[in-house]
Amino acid sequence: MHNSAFRYNDENDRSLGLAGSAIAIVVWNGEDKLTAISIDSNPGEGIEMTPDFGFSGNPRLSARLAWQLMLKQLELTSAMVMGNVMCRSYVGAGRPLSSSSRSTLRALIRDEAVNACSLDDDETEVLFNRLLDYQNQLFSHPEVAAMARNLAADIRSQRRLSVTEILDRLDRLGRL
């Protein structure tokens, strides 16, 4: 899920995007898949995940369980991309997503949902709206915005944060 419409403007913008992705990972209970964040990596590679994050199937799993794992990964990946874009917009620019950004996100998530899980348009729309509604509330929350700004500043100053360092900085998320 990469799109040139969401290119980073500068290092501050990128650090906010990485912070937004990290927040989404924690909120969607994917922290067991996260290993680190690095601002010095290539675009699209700033979030370092465990090798098992890219689930490609297992012949010992039932088709139903494999599909459920792929759907969970789709949801987490979509939340990460949306968190990146929404954090940059809400926290970095001080405004909600533009209609064009929302449309681009919807198209990206729809394409991924069709390719990864063969979801139909109605299922994709439900997924998109659920993620959008929750993340609108999340990134407009003043404490989440403060955590995102602090995490982004730490990413810029330390260049790379381990999962433990990230989770320490986001520990208040569970209490909001």
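A 4.5 Å side-chain heavy-atom check between Thr35 and Val163 finds every atom pair outside the cut-off. Contact check for Leu105 versus Leu132: no side-chain heavy atoms found under the 4.5 Å cut-off.
Within the structure, every pair that satisfies the salt bridge (charged side-chain N to carboxylate O under 4.0 Å, His left out) test and touches residues 66-86, not counting sequence neighbours, is listed here: Glu75-Arg130. Residue pairs satisfying the ring pair (Phe, Tyr, Trp, His ring centres under 6.0 Å) criterion with at least one member in residues 157-176, sequence neighbours excluded, are absent. Residue pairs that meet the side chain to side chain donor-acceptor pair (under 3.5 Å) test with at least one member in residues 21-34, sequence neighbours left out, are Lys33-Asp52. Identified under the ring pair (Phe, Tyr, Trp, His ring centres under 6.0 Å) test for residues 145-176, with sequence neighbours left out: none. The stretch residues 154-163 participates, sequence neighbours left out, in these side chain to side chain donor-acceptor pair (under 3.5 Å) pairs: Glu11-Arg159, Asn12-Arg156, Ser15-Arg156, Asp40-Arg159, Glu48-Arg160, Asp154-Arg169, Ser162-Glu165. Listed by first and then second residue, the salt bridge (charged side-chain N to carboxylate O under 4.0 Å, His left out) pairs involving residues 95-107 are Arg106-Glu125 (not counting sequence neighbours).
In this structure, CG in Asp121 is found 13.0 Å from CZ in Phe128, a value given to the nearest 0.5 Å. Taking CD1 of Ile109 as the start and CE of Met82 as the end, the distance is 3.5 Å to the nearest 0.5 Å. Between the OG atom in Ser89 and the CG atom in Leu16 there is a gap of 11.0 Å [rounded to 0.5 Å].
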Next item on the list: Would you please test Asp10 and Asp13 for side chain to side chain contact (heavy atoms under 4.5 Å, CB included) and show each step?
Entry: CA-CA 5 Å; Asp10 55 26; Asp13 189 46; 3.3 Å; yes
Item checked: Chi angles and distances behind the side chain to side chain contact (heavy atoms under 4.5 Å, CB included) call for Phe6, Asn84 -> CA-CA 9 Å; Phe6 297 131; Asn84 181 303; 6.0 Å; no
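Closest of all the heavy-atom pairs between Ala24 and Gly83 is CB-CA, 4.4 Å. When all heavy atoms of Gly30 and Leu76 are compared, the pair lying nearest together is CA-CD2, 3.9 Å. Closest of all the heavy-atom pairs between Ala148 and Ile23 is CB-CD1, 3.7 Å.
For Asn136, the side chain to side chain donor-acceptor pair (under 3.5 Å) partners two or more places apart in sequence, or in a different chain, are Tyr90. Every residue was checked against the salt bridge (charged side-chain N to carboxylate O under 4.0 Å, His left out) condition with Asp120, not counting sequence neighbours, and none meets it. Taking the side chain to side chain donor-acceptor pair (under 3.5 Å) definition, one finds that Ser101 meets it with Ser98, sequence neighbours left out. When the side chain to side chain contact (heavy atoms under 4.5 Å, CB included) test is applied to Ala113, the partners found at least two apart in sequence or on another chain are Leu74, Leu119, Thr124. Judged as a side chain to side chain contact (heavy atoms under 4.5 Å, CB included), and not counting sequence neighbours, the contacts of Ala22 are Ile37, Leu151, Ile166, Leu170. Asp111 pairs by the salt bridge (charged side-chain N to carboxylate O under 4.0 Å, His left out) definition with nothing, not counting sequence neighbours.
A donor-acceptor contact shorter than 3.5 Å is absent between the side chain of Arg172 and the backbone of Met147.
For the side chain to side chain contact (heavy atoms under 4.5 Å, CB included) with Met80, the qualifying choice from Leu18, Val85, Ile25 is Ile25, the only one to do so.
Under a cut-off of 6.0 angstrom, the local environment of OH in Tyr8 is crowded, with over 12 non-hydrogen atoms contributed by other residues, nucleotides or ligands.
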